[in-house]
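The block underneath contains the structure these notes are about, expressed in structure tokens.
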Amino acid sequence: VVGSGILLHSAAAAWAELDPALELRTLAIDPQGGRAAWASALDSVELDGASAFVAVDAQFLNFRRLELVDVLRQRGVPMPPLVSSTAYVGAGIEIQENCWIGHGAIIQHGCRIGANVVIGAGAIVGAGTEIRDAAWIDEGVTVGREARIGANASLGLGVVIGHGVAVGDLSIIDKPGRIEADVAARTFIHASHTNPIVVTGS
Amino acid sequence: MPPQAYIDQAWFERERELLFKPLWQFVGLKVMLEEHNAFITRTLFGIPVVVQNFHGELRAFENICPHRQNPIQTASHGVRALTCGYHGWKFDREGAPANIPFEIELYRYPQQERDCLHLRRFALECIGNLVFINLSPEPMPIKQQLGAATIATLAQSSLAYDSEVIMTTYDARFNWKLVYENLRDAHHPLFLHARTLNKSATFKAILNEDALVGLKRMREEGIPDQARARALLRSFSGGGRDVPIDEPVPRYPWFDELVRYRDQDWYYNWLVFPNLHIASGTGGYSFTIEHHIPVGPDRTEMIVYFVTSKKKQPYAASTAVLHELMIGTDGILREDIGVLEQIQRTLHPDARSAHLGDYEYINAGIEQWYMDLMEGKIEL
């Protein structure tokens, strides 16, 4: 487990319930360190035959985590998803590389989970929902049926996404409450700001 | 200035007529108005304004449909024809109704009345990427307000802006003048921003003996005429290099994705009187544009834009960079907002006026000029 912060500790703490046969090694890195520093830190670890899980908390719209994933991918290290044994994963669900499905999370049938997605402990994802690559679903979040959570989007504590709602790519919803209408890509809804903040242009 | 200047509704309305209506006011960024039908709306001193792109040409109008006074554009920005959502009236680039659905059947306006259904149009000027409008029917030349040197540096720096913009609004509970006074007070970052801004660039208040002599003369002799009043007005705006960024100068990976504005590790600062502030705390890699819109004597809408300098080419994390810039600046802005709201809460009709020190000669000069304007001794 390579990374920092809460996800690193959550993954390490949950290791016994993942697969007791696997030997755990943790490597704490500075997420701000950059590729050269990460590469140097990885040089100190024997990676032959190892799998990795990249655990970096939601920041920089999850691009920080993706950069570290890229460094490990370049070294040919496989990054299978980690699913807590206490999580419920319904039928017909494919979970891509480097995903984390936390303790007690419920993923109902027919969901599509992209690569590098984090679904925190106790979160609920309704049937037929799509969670795109590198999205972050915080602990206890509820996402309704047939919803769509865009790539690199983050849903913070206490957020409830209604059935069929689409949250656009690169959005952050970090204000407890229900979202019943679609949220455009690159929209930021923060508890500290009254109005949604939207990026324009390209 | 007397406390009434900060708390009194009648004073506020007089200020609108004497100061804001004659002056060119920033209204938005041109990069948000690049395509046909792109628009922004703002309410400037209570007057709703829409700036709309008509096939590449920007026009500013009062954002009120002449039929039933409904706002024509209702979002703060977007891309949509200039059409009122209430009864479908559509307006052309001249502000005339190009189409009134069921006009002949239901409205039957006499021609004379029909000819009067134009939107009220405002003068508009672009300085680089900065869009200004003027609410006066006979606007002064913008050069008379800002001066050639300020216009040149604003044009050059704002043309470095990228087209991807993040914008947020703070509903601040203080008089707008407290902000411009705060921004021209280089001594406060040492204390108020000790843990934020002042850790990355060290701001130092300076004394300017020549300016103090000029201030004393202005107080004794007054402002003789409109030409001198406008010359002083021009001196209230300016900017560029301010202070060096402290070592070690931060260098973020995303800098490599951008075409830097200039090549120096300086904190850049532009102050545009009365209510625009632009800063670059990253030495020309990013810009913060603060627009302080007076809403009431004790209320100011602060619209803050964040942009980087132009991208060399699109990169995946550009939205994340803008979000980080916004979050990073939020703490500094809230430190300022917090203290200014505290000051506003202390003001009452019998409160004593502020006692400015010599280092505050810029604010003292603006105050003298402003009071002469409000008392009718000078006109713009």
Side-chain angles (χ1 to χ4, degrees), chain A residues 30-39 56-71 114-116 132-136 150-154 156 167-175 181 183-202, chain B residues 28-35 38-40 75-79 129 161-173 250-257 301-308 310-311 313-331 333-334 337:
Chain A
D30 174 8
Q32 312 291 339
R35 286 170 180 264
W38 300 335
V56 176
D57 287 346
Q59 53 181 299
F60 209 60
L61 293 175
N62 300 323
F63 281 104
R64 204 75 78 206
R65 185 162 177 247
L66 294 181
E67 286 175 30
L68 185 52
V69 166
D70 194 45
V71 170
N116 299 300
R132 292 188 174 171
D133 291 351
W136 180 284
N152 295 72
S154 287
V167 175
D169 295 348
L170 302 160
S171 291
I172 294 177
I173 304 175
D174 199 9
K175 184 177 185 177
V183 173
R186 303 186 297 170
T187 297
F188 304 105
I189 300 173
H190 288 280
S192 57
H193 289 258
T194 312
N195 300 316
I197 299 154
V198 186
V199 175
T200 64
S202 58
Chain B
L29 294 179
K30 197 175 170 189
V31 288
M32 297 174 72
L33 290 160
E34 293 291 12
E35 58 181 299
F39 70 88
I40 55 174
S76 67
H77 59 274
V79 180
N129 255 319
Y161 298 172
D162 190 54
S163 57
E164 193 175 12
V165 181
I166 193 168
M167 184 184 88
T168 186
T169 303
Y170 296 84
D171 181 11
R173 303 298 165 138
R251 181 161 181 83
Y252 300 103
W254 47 270
F255 285 3
D256 295 334
E257 311 282 353
E301 183 183 31
M302 288 177 58
I303 299 181
V304 188
Y305 308 77
F306 301 88
V307 293
T308 63
K310 281 194 170 78
K311 301 181 191 86
Q313 57 191 21
Y315 62 103
S318 60
T319 300
V321 169
L322 292 178
H323 188 252
E324 288 280 297
L325 288 171
M326 187 189 74
I327 297 298
T329 309
D330 183 72
L333 288 171
R334 288 186 191 277
I337 290 169

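In the text below, chain A, chain B and the rest are named by the order of the sequence lines, each starting its count at 1. Since the model is a prediction, treat every value here as computed from it, not as a measurement.
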Among A:N152, A:N195, A:V198, the residue with the most heavy-atom pairs under 4.5 Å to chain B is A:V198

Contacts with chain B made by residues 30-37 of chain A (heavy-atom distance under 4.5 Å), listed by residue number: none

So which bits of residues 63-71 of chain A come within less than 4.5 Å of chain B, counting non-hydrogen atoms only? A:F63

Sort B:V31 into side chain, backbone, both or neither according to what part of it lies under 4.5 angstrom from a heavy atom of chain A. neither

The interface call for B:D330 against chain A, heavy-atom contacts under 4.5 Å, is side chain

Once you round to the nearest 0.5 Å, how far does [atom1] of [X] lie from [atom2] of [Y]?
X: A:L61; Y: B:H323; atom1: CG; atom2: NE2; result: 6.5 Å
X: A:Q59; Y: B:E324; atom1: CD; atom2: CD; result: 7.5 Å
X: A:I172; Y: B:I327; atom1: CD1; atom2: CD1; result: 7.0 Å

Which heavy atom of A:I197 sits nearest a heavy atom of B:M167, and at what distance? CG2-O, 3.2 Å

What residue, out of B:K311, B:M326, B:E35, has the most heavy-atom pairs lying under 4.5 Å from chain A? B:M326

Leading residue by heavy atom contact count with chain A [cutoff under 4.5 Å; candidates B:A316, B:P314, B:S76, B:A38]: B:A316

Could you check whether any side-chain heavy atom of B:T168 comes within less than 4.5 Å of a side-chain heavy atom of A:F188, counting everything from C-beta outward? no

Tell me if the CZ atom of B:F255 is crowded by more than 12 foreign heavy atoms within 6.0 Å. yes

Contacting region of A:T194 [heavy-atom separation from chain B under 4.5 Å]: neither

Test of ring centre spacing under 6.0 Å for A:H193 and B:Y170: yes

